[in-house]
Structure formats: C-alpha cells, structure tokens
Amino acid sequence: MSEKSWQLTERDREWLSWVGRWWFVTAENIEAEWVRKYGQANRRAVLRRVQAAREMGLVESLRMVANRPAAVWLTKEGMKLVGIRGEAARPRLAEFHHDLYVVELAQKLVAERPDTELVTERELRREDTPGGAANIDPQYAVQRRNSNAVILGGNRRVYPDLVTVRKTNGHHLIHEVEHTPKDVRRLVSLMTSYQESENVDGIRYYAFDAALDRLERARSIAVERSESRGNRTPIQIVRWDDFMSTEKEERP
C-alpha cells in the first residue's frame with residue numbers, strides 16, 4: 001500500500017504522543033494503552049496503524065532481540081508532528097530488556113495510581129535539561145552523591161526510571177527496575193542521592209531475583225547511614241514477579 005493511501009487520525013496522534021514518552025515500545029504495549037484509554041483494542045488494528053505511521057515516516061520499528069517483539073519508536077518527523085522537542089533516539093540494545101520492563105511497569109502503575117502523575121525518564125530529561133542545558137534547577141532529577149551523602153562535583157545528576165507525583169501534594173515517589181546485579185557501592189550512592197532530595201518521599205525498587213541480594217545489602221547500608229543523619233526516607237524492594245502478578249498493589 002502506498003504512503004498516500006494512509007490517513008492520519010486523531011487517535012494516531014494520541015498514541016504517537018504516548019510512544020514519544022519512551023525510548024521505545026512494542027505493539028503489545030500500544031494495544032494495552034488503547035485498552036486502558038478506549039476500553040478495547042485489536043492487535044491487527046494496532047499493527048495496521050503502526051505500519052501506516054512507519055510508511056508516513058513517523059515511526060521506525062525493528063526486531064532487536066530474538067523471540068521478543070519488535071521495538072517501535074518515533075522518528076524526528078514523528079516527534080515534530082506531536083510537538084515533542086529534542087532529538088530522536090534509537091533504542092539501546094544493551095538496555096532493551098530493562099527499557100521494556102520499565103514500560104510494562106509504568107502501564108501497571110498508571111492503571112493502579114489514578115491520583116498520581118507519571119513521568120518517564122525521557123520526559124524528565126527533556127524537562128530538566130532542555131536543549132542539553134544542565135545549569136537549571138532540576139524538577140525531577142536529583143544531585144548525585146557518594147555513599148556518605150557528599151555531593152559529587154560536575155553538576156552530576158541522577159535520572160530515575162520513573163517518577164510518580166501525588167497530585168494532592170506534589171510529592172515524588174521514585175521507581176527503579178533492577179534486573180541485573182549492580183555494584184553495591186554504586187547502589188548505595190544512588191539510593192543516598194534519592195534519599196537526600198527534598199522532593200523525594202520514597203524509593204521503590206522492582207527487583208528480579210538476580211539483583212535482589214545486592215539491592216538488599218545496599219539498602220541496609222544506605223538506611224543505616226541515612227538514619228544516622230536523621231533521614232528516614234524509606235527504600236522499598238519488591239520482587240518483580242510478585243508485584244507484576246498482583247491484581248492491585250498495596251500503596252506505600
């Protein structure tokens with residue numbers, strides 16, 4: 001089918017704007033968003049609209065990992081169409097699984113937290129560093145600190161995977177997905193950075209089994225040190241499989 005035969009609809013603009021919030025999504029993610037927003041969806045219809053957008057030059061798609069769905073992301077033209085500033089970004093192969101898990105987590109949080117605003121990493125980077133500028137006070141990112149809460153030089157910032165903002169009071173809850181083990185000292189530094197931010201009310205990690213042990217060790221160190229400074233910002237760790245399999249989460 002030729003490019004001229006496609007017609008862009010208002011619904012197309014809506015889902016394209018949603019795609020622009022992420023590094024990439026899959027057709028399954030788009031289908032789930034349609035179900036949330038419109039009450040129903042059809043996978044074949046989703047695939048047709050993705051194909052239409054691709055032929056119009058608004059999205060690109062590529063199967064990056066065997067046995068996983070194709071990634072779909074906005075082109076520069078697609079971003080321009082829906083009013084998103086900045087440069088187009090291709091999916092990062094090394095972060096493919098992590099970034100996909102973040103989208104899946106976000107879709108669950110949005111369904112279960114109607115009284116909060118969800119902000120994605122791409123959105124908070126655009127908000128806090130417009131045009132790449134790093135000389136403004138960030139709204140969502142936090143200053144990077146070492147494990148003893150000392151601010152590191154060079155205006156270094158930490159950008160979480162997701163932030164939910166309580167609409168009633170503007171308080172932030174940080175959400176991080178950990179599916180591979182990280183260095184404990186680095187984890188303590190990141191946890192401390194979040195704890196010391198005045199805007200952060202809590203941090204929640206969604207951990208795959210491979211990451212659990214080091215996360216627990218890091219939390220123990222971070223909490224002990226923060227409490228010695230009089231800081232009791234909570235750090236919660238939940239198993240990914242447990243959380244994603246529950247029908248409704250318990251609020252922290």
A quick test of your reading: do over 12 heavy atoms of other residues, nucleotides or ligands sit less than 6.0 Å from CZ of Arg186?
no

Less than 4.0 angstrom from a charged side-chain N to a carboxylate O is my criterion; do Glu60 and Arg90 meet it?
yes

Looking at Lys108 and Glu112, is any side-chain nitrogen of the basic one under 4.0 Å from a carboxylate oxygen of the acidic one?
yes

Output for pair (Leu187 CG, Glu178 CD), nearest 0.5 Å, gives 6.0 Å

Value for CZ (Arg54) from OG1 (Thr75), rounded to nearest 0.5 Å, stands at 11.5 Å

Practice task
Spell out, yes or no, whether Tyr205 and Val184 are grouped together once hydrophobic residues are joined by side-chain heavy atoms under 4.5 Å, including indirect joins.
Solution key: no

Open item on the list: Determine whether Gln236 and Ile203 satisfy the following criterion, side chain to side chain contact (heavy atoms under 4.5 Å, CB included), listing intermediate values before the conclusion.
Closed with: CA-CA 6 Å; Gln236 183 181 12; Ile203 308 103; over 6 Å; no

Given the rule that I, L, V, M, F, W and Y join up when any side-chain heavy atoms are under 4.5 Å apart, are Ile84 and Trp22 in one cluster?
yes

Just wondering, do Ser189 and Arg145 contact through their side chains at under 4.5 Å, heavy atoms?
no

Report yes or no: do Met244 and Tyr206 belong to one cluster of Ile/Leu/Val/Met/Phe/Trp/Tyr joined by side chain heavy-atom distances under 4.5 Å?
yes

**OP:** Determine, for Glu33 against Lys37, whether the closest basic-nitrogen to carboxylate-oxygen distance falls under 4.0 angstrom.
**Re:** no

* Asked: Under a 4.0 Å N-O cut-off, is there an ion pair linking Glu14 with Arg11?
  -> no

| said: Around atom CD of Glu28, are there more than 12 heavy atoms from other residues, nucleotides or ligands closer than 6.0 Å? | reply: no

Q: Compute whether any side-chain donor of one residue and acceptor of the other, for Thr164 and His172, lie under 3.5 angstrom apart.
A: no

- Can a cation-pi geometry be assigned to Arg43 and Trp34, taking NZ or CZ under 6.0 Å from the six-membered ring centre and within 45° of the ring axis? no

* **same_hphob_cluster(Tyr38, Leu8) at 4.5 Å side-chain heavy-atom cutoff** => yes

Checklist line | Side-chain heavy atoms of Trp15 within contact of Arg49, under 4.5 Å | finding: yes

*asked:* Walk me through whether Val165 and Tyr140 qualify under side chain to side chain contact (heavy atoms under 4.5 Å, CB included).
replied: CA-CA 10 Å; Val165 182; Tyr140 301 106; 4.0 Å; yes

CG of Leu118 to CG of Leu173, rounded to nearest 0.5 Å, is 10.5 Å

- [ ] Tell me yes or no: between the side chains of His179 and Tyr101, is some donor less than 3.5 Å from an acceptor?
- [x] no

Q.
With a sphere of 6.0 Å drawn around NZ of Lys76, does it hold more than 12 non-hydrogen atoms of other residues, nucleotides or ligands?
A. yes

* To do: Salt-bridge test for Arg232 and Glu227: reply yes if a basic N is under 4.0 Å from a carboxylate O, no otherwise.
  => yes

Tell me whether the NZ or CZ atom of Arg68 lies within the 45° cone about the ring axis of Phe96 and under 6.0 Å from its centre. no

- prompt: Should Arg21 and Leu74 be marked as a side chain to side chain contact (heavy atoms under 4.5 Å, CB included) after you check the CA-CA gap, both sets of side-chain angles, and the distance that decides it?
  reply: CA-CA 9 Å; Arg21 302 181 67 187; Leu74 291 191; over 6 Å; no

Quiz prompt | Charged tip of Arg92 within 45° of Trp23 ring normal and under 6.0 Å | solution = yes

The reported gap from CG in Leu162 to CD in Glu121 (rounded to nearest 0.5 angstrom) is 9.0 Å

Practice prompt. Kindly indicate, with the supporting measurements, whether the criterion side chain to side chain contact (heavy atoms under 4.5 Å, CB included) is fulfilled by Met191 and Ile221.
Written response: CA-CA 10 Å; Met191 291 175 179; Ile221 296 170; over 6 Å; no

Exactly one candidate in Arg225, Glu196, Gln195 meets side chain to side chain donor-acceptor pair (under 3.5 Å) with Asn231; the answer is Glu196

